[in-house]
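Down below is the structure, laid out as structure tokens.
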Amino acid sequence: MPTETRSLPDSTDARPSGGLPVGTLIAGCFAVCLAQIALAMPATLNGLFQEDLHPVGSQLTWISDAFLLPVSVLELTFGVLGDLFGRKRLLVGGGALIVAGEALAASATGIHMLWVGQAIAGLGAAALFPTSLAMIAAGTHSARDRARTITIWAAALSSGGFVAPVLGGITGNYGSWRWAFIVVTGLAVISTVLSQLLAHNSSAPEGRSLDLAGQITIGIGMFALLYAVIQGPADGWTARPVMIAYVVAGLFIVLFIVAELRADSPLLRLDLFKNRAFAVASFVAVVGMFSYLGTAYTTSIRLGPIQHQSPLRGSFAFILLNSWTLLLMPLISRLLEKVSPRWVLGAGLALMAGGDFMAATLSVNDRALTSLIVPISLVGIGFALTVSSITSTAVNTVEVHYAGMASASTSLLRDFGFTLGPAVIGAIALSHAANEFTQKLGSSNLSAQVKAAAGQVAAEGGPLASNSVPPSSPPGGAVPIALEALGNGYAIGYVVCGIAALACCLLSVVALRGKGADAPSVVV
């Protein structure tokens, strides 16, 4: 039977001799790799979803966010559950949920069934992301060891982002998008078995309990916010359901803060944010990761539903985005030991901003993959520097007793940024594209019949649907207009991502100053 490691608030932690058990490291890294594969893979298949399932309006965005929503809403709760009942149980249970969700998605007969499968798999990923990090953090003895193992964990996370496009590209190109979900189901089975056989349990139950008020308020608040952002372009920003959702989001986020201030055992200790390094890392985790996944989502829509390139060609960009973390892992580990976090964060975010601004200048008619090499590689290198330094700064700056909470908080904020990426960028890009398409269609020299047919398609499915009709059909004459409008809309998406990354860069360089921020310590 594997031994149990129980994290205590002082130096009397009972840890296996020799530091972090190898089995725990393997199980944790495989689990987070699996979770990231499940998260990232649908982005490479957006073109096939559009062709096969014919989503309209915001339905394509919900395929990604149906997975991301439970991840964002429930990560804090799973962090508490792991502290209370043991992290190994969550690692095994999370893998089992991904098995069920991916299998359901593979057998989906329509868009709504695919959403349900994605949501169940997202529930499993919500357990795996914070639990895998907390197990690794709790098993290390010093800030230096923790920085090294967190770098390995981050590399495993990015490996998932590397494997996902390859998997999606090959299965989508030579088989079906369903096969991608079937393969992930098999990987989830392997992860569940590895977690059961290899992982050493750990927990930190002292002073921790479930915070139902906090979970309910943050869950309702975040769901309402995402609903409003995603449905705004489809239903109209002033539509009653959208306006109500914004009001509900604001109200319940305020109620969450009130609930956490009054709770004896809060879901999130708000006083953690009094630590400047943790607060800055938390902000950058949201906005910086919004920039990163917004870039990935924009690229997937550009190559798939807009340019109609094959999933295998589309996977090229995602390999560029995610391979750099693996290649640069030794360098990043040394940087985290020797260089101030503000310079690592600042450099990474500056590279992300530069890559986004370059990508925004590419013509939508440029189908050459070589044009993406420089801008997408800059974003990938920047992400490699950023994700490890954010996590290391946030976790290393709190007492080891709060490693689970800090891990869950960082994972929640990072993945909330991921969730906002497709939602916000999709909303901005599609709104701009729809307005431009309508204006240019009306002023074009096309016949009244073509205009009427194209307008009807756009009214039902938006500019993406207008861009996907056969050129020989009655509305097909408007395809070039839809292509240009979508290209301009998603170019704005790149610009928004670049501005977000640049703002985080300046904040990191300016705010992470001083001895405490430059060399965060861990109270063991």
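Values reported hereafter were calculated over all heavy atoms of this structure, with side chains retained and with hydrogens, waters and symmetry mates removed.
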Minimum heavy-atom distance [X]-[Y], with the two atoms named:
| X | Y | answer |
| --- | --- | --- |
| A249 | A224 | N-CB, 3.8 Å |
| A353 | A501 | N-CB, 3.8 Å |
| M222 | L69 | O-CD1, 4.5 Å |
| G382 | L351 | CA-CB, 4.0 Å |
| G498 | F357 | C-CZ, 3.5 Å |
| G288 | L349 | CA-CD2, 4.3 Å |

How long is the span from the [atom1] atom in [X] to the [atom2] atom in [Y], to the nearest 0.5 Å?
| X | Y | atom1 | atom2 | value |
| --- | --- | --- | --- | --- |
| L167 | S315 | CG | OG | 10.0 Å |
| S468 | H308 | OG | NE2 | 4.0 Å |
| L486 | I481 | CG | CD1 | 12.0 Å |
| T131 | R89 | OG1 | CZ | 12.5 Å |
| L225 | L420 | CG | CG | 6.5 Å |
| L39 | S64 | CG | OG | 8.0 Å |

Hey, does [Y] have a side-chain heavy atom less than 4.5 Å from the side chain of [X]?
| X | Y | result |
| --- | --- | --- |
| L464 | L430 | yes |
| L128 | I98 | yes |
| T386 | Y292 | no |
| L226 | L68 | no |
| V32 | F129 | yes |
| F318 | I376 | no |
| L34 | V184 | yes |
| F67 | P42 | no |

So, [X] side chain and [Y] main chain: donor-acceptor pair closer than 3.5 Å or not?
| X | Y | result |
| --- | --- | --- |
| S107 | L104 | yes |
| S431 | I428 | no |
| R87 | L133 | no |
| N467 | I306 | yes |
| S444 | L441 | yes |
| R313 | L303 | no |
| E102 | V183 | no |

* Does atom CE of M113 have more than 12 heavy-atom neighbours, drawn from other residues, nucleotides or ligands, at distances under 6.0 Å? ->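 More than 12 heavy atoms, drawn from other residues, nucleotides or ligands, come within 6.0 Å of this atom.
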* Would the number of heavy atoms belonging to other residues, nucleotides or ligands and lying under 6.0 Å from CZ of F316 be above 12? ->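 Atom CZ in F316 is crowded, with more than 12 foreign heavy atoms closer than 6.0 Å.
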* What is the ring orientation for Y227 with W62, classed by angle as parallel under 30°, tilted 30 to 60°, or perpendicular over 60°? ->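 Tilted, since the angle between the ring planes falls between 30° and 60°.
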* Candidate pair Q118 and F181, rule side-chain contact (heavy atoms from CB on, under 4.5 Å), full reasoning -> CA-CA 10 Å; Q118 282 284 88; F181 289 102; 3.6 Å; yes
* Walk me through it: do D356 and T298 pass the test side-chain contact (heavy atoms from CB on, under 4.5 Å)? => CA-CA 10 Å; D356 279 316; T298 299; over 6 Å; no
* To do: Would you sort out whether I492 and I425 count as a side-chain contact (heavy atoms from CB on, under 4.5 Å), showing the intermediate values?
  => CA-CA 9 Å; I492 293 175; I425 297 304; over 6 Å; no
* Asked: So, Y494 versus T361: side-chain donor-acceptor pair below 3.5 Å or not?
  -> no
* To do: Start with the C-alpha gap between L81 and F78, add the side-chain angles, then the distance that decides, and say whether side-chain contact (heavy atoms from CB on, under 4.5 Å) holds.
  => CA-CA 5 Å; L81 290 174; F78 280 120; 4.0 Å; yes
